[in-house]
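Below: one structure, written as structure tokens.
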Protein chains: 2
Amino acid sequence: MASITQIIDHAENTCRKNGAKLTEKRKRVLTGLLISKKALSAYELIDFMQKEFNESPPAMSVYRILDFLETENLVHKLHLANKYIACSHISCAHEHEVPQFLICDKCGNVKEIGIKKSLINTLKQNVEKSGYVLKSPQLELHCLCHECA
Amino acid sequence: MASITQIIDHAENTCRKNGAKLTEKRKRVLTGLLISKKALSAYELIDFMQKEFNESPPAMSVYRILDFLETENLVHKLHLANKYIACSHISCAHEHEVPQFLICDKCGNVKEIGIKKSLINTLKQNVEKSGYVLKSPQLELHCLCHECA
DNA sequence: TGCAATAATGTTATAAAATAACATTTTAAA
DNA sequence: TTTAAAATGTTATTTTATAACATTATTGCA
Ligand SMILES: [Zn+2]
Ligand SMILES: [Zn+2]
Ligand SMILES: [Zn+2]
Ligand SMILES: [Zn+2]
């Protein structure tokens with residue numbers, strides 16, 4: 001398990017390669033999400049940063065920064081509850097798979113797993129059979145985690 | 001394709017069987033959702049009813065009524081965007097399957113299809129392999145509809 | 001029937017989440 | 001250095017959701 005500093009360094013390199021800049025403020029927002037074990041809404045993240053770093057960036061900036069981090073594939077947005085979570089593969093070299101999120105409805109813990117190609121194909125086929133085109137097969141499932149089950 | 005009146009009558013019977021009451025106001029909210037082809041938020045639904053029926057029930061009541069209709073399986077809530085849509089099987093006699101929603105990201109049209117048992121099992125297995133328990137396999141997928149693709 | 005108890009709906013206030021419009025600061029190029 | 005673009009800040013507003021309490025309607029029963 002890489003340290004936060006290592007993760008941030010790695011993320012900075014990834015951004016640089018994409019011609020994007022991981023600024024100090026962006027780093028701190030990302031650090032917040034990395035430390036938090038749960039997915040957080042923008043406002044929850046601000047509260048969290050206040051407690052952890054004694055720093056509350058304005059909501060607007062946080063929204064923009066989260067958008068940026070999402071574009072760079074450093075965080076994911078869970079539409080299910082409009083919350084964000086740091087990518088589990090944030091320091092991996094491999095291409096990012098389509099993520100599937102297991103969200104514990106009780107304690108809020110989230111686990112990110114990759115979707116099997118075969119499952120994606122099944123989904124795609126189902127969708128096409130209905131005359132639709134699948135844009136993103138990202139799945140977000142209501143679950144209970146090991147502790148809460 | 002059953003008429004709205006027929007659907008409402010059928011829904012009323014279903015409710016009665018469950019010991020619940022489909023009141024006039026509940027009927028009108030449901031009618032709104034039935035006429036709308038898209039999933040609507042509570043507030044969008046109020047606007048829609050204002051235009052269609054020249055009637056705007058208070059938001060609080062609409063939220064409560066939507067909760068009721070959801071409990072009775074007459075409408076579904078799409079958590080993806082916190083919107084509601086009338087069930088496609090609202091007049092069917094058969095047991096309701098686990099729904100899978102194809103949501104057109106461009107025009108907002110939603111198609112409700114049933115999930116194959118085998119797909120549900122695959123999902124369940126994936127989840128269990130990760131130490132979680134699947135609470136609800138309802139799927140909400142980002143798609144493009146035939147017209148928008 | 002008349003009267004409680006319950007259910008359904010209404011009202012008002014407030015909280016929470018998201019976005020819009022514009023200002024300022026910082027950074028990178030020319 | 002000057003200028004353009006990018007990043008961030010500020011303020012206001014909109015949208016969504018819930019809480020607390022009031023009123024009305026319905027139902028069961030004395
Ligand atoms: Zn990821
Ligand atoms: Zn849990
Ligand atoms: Zn349905
Ligand atoms: Zn469409």
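Chain naming here is simple, since letters A, B, ... match the order of the sequence lines and numbering starts at 1 in each.
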Mapping A:Met60 and B:Glu44 onto DNA chain D by nearest heavy atom, which one lands closer to the 5' end? A:Met60

Rounded to whole angstrom units, what separation is found between the CG atom of B:Leu40 and the P atom of D:dT16? 11 Å

To the nearest angstrom, how far is A:Arg16 atom CZ from C:dA28 atom C1'? 15 Å

In whole angstroms, the gap separating C1' of C:dG10 from CD1 of B:Ile46 amounts to 13 Å

Go through C:dA21, D:dA20, D:dA7 for me and flag the one nearest to the B:Arg64 side chain. D:dA20

Without decimals, in angstroms, what is the distance between B:Arg28 CZ and C:dA8 C1'? 13 Å

With nearest nucleotide decided by heavy atoms, which residue, B:Lys21 or A:Pro58, maps closer to the 5′ end of DNA chain D? A:Pro58

Measuring to OP1 and OP2 of D:dG9, would you say a side-chain N or O of A:Lys25 lies under 4.0 angstrom away? yes

Atom CZ of A:Phe68 to atom P of D:dA7: distance rounded to whole Å? 7 Å

I'd like to check B:Leu40 versus B:Phe48 (side-chain heavy atoms, cut-off strictly below 4.5 Å). Are they in contact? yes

If you assign each of B:Ala59 and B:Ala20 to its closest nucleotide in DNA chain C, which residue comes earlier from the 5' end? B:Ala20

If you only use heavy atoms from C-beta on, which nucleotide in C:dG10, D:dA17, D:dT8 is closest to the side chain of B:Tyr43? D:dA17

Taking C-beta and beyond as the side chain, do A:Leu45 and A:Val29 meet within less than 4.5 Å on heavy atoms? yes

Given D:dT16, is OP1 or OP2 found less than 4.0 Å from the side-chain N or O atoms of B:Ser41? yes

Looking at A:Tyr63 and C:dA20, is any side-chain donor or acceptor paired with a base atom of the opposite kind under 3.5 Å? no

Flag, side chain of A:Arg26 to backbone of A:Lys21, donor-acceptor distance under 3.5 Å: yes

What's B:Arg26 touching, base or sugar-phosphate or nothing? Going by heavy atoms closer than 4.0 Å. sugar-phosphate

Can you check the B:Glu24 CD to C:dA7 C1' distance for me, whole Å? 16 Å

Taking only side-chain N and O atoms of B:Ser61, does any of them lie within less than 4.0 angstrom of OP1 or OP2 on C:dG10? yes

I need the CG-P distance between A:Leu69 and D:dA7, as an integer number of Å. 12 Å

Verify, without hydrogens or angle tests, whether A:Gln6 (side chain) and A:Ser3 (backbone) share a donor-acceptor contact under 3.5 angstrom. yes

Within this structure, what is the CD1-to-P distance between B:Ile65 and D:dA17, rounded to whole angstrom? 16 Å

What are the two closest non-hydrogen atoms of A:Leu134 and A:Val127, and how far apart are they? N-CG1, 3.7 Å

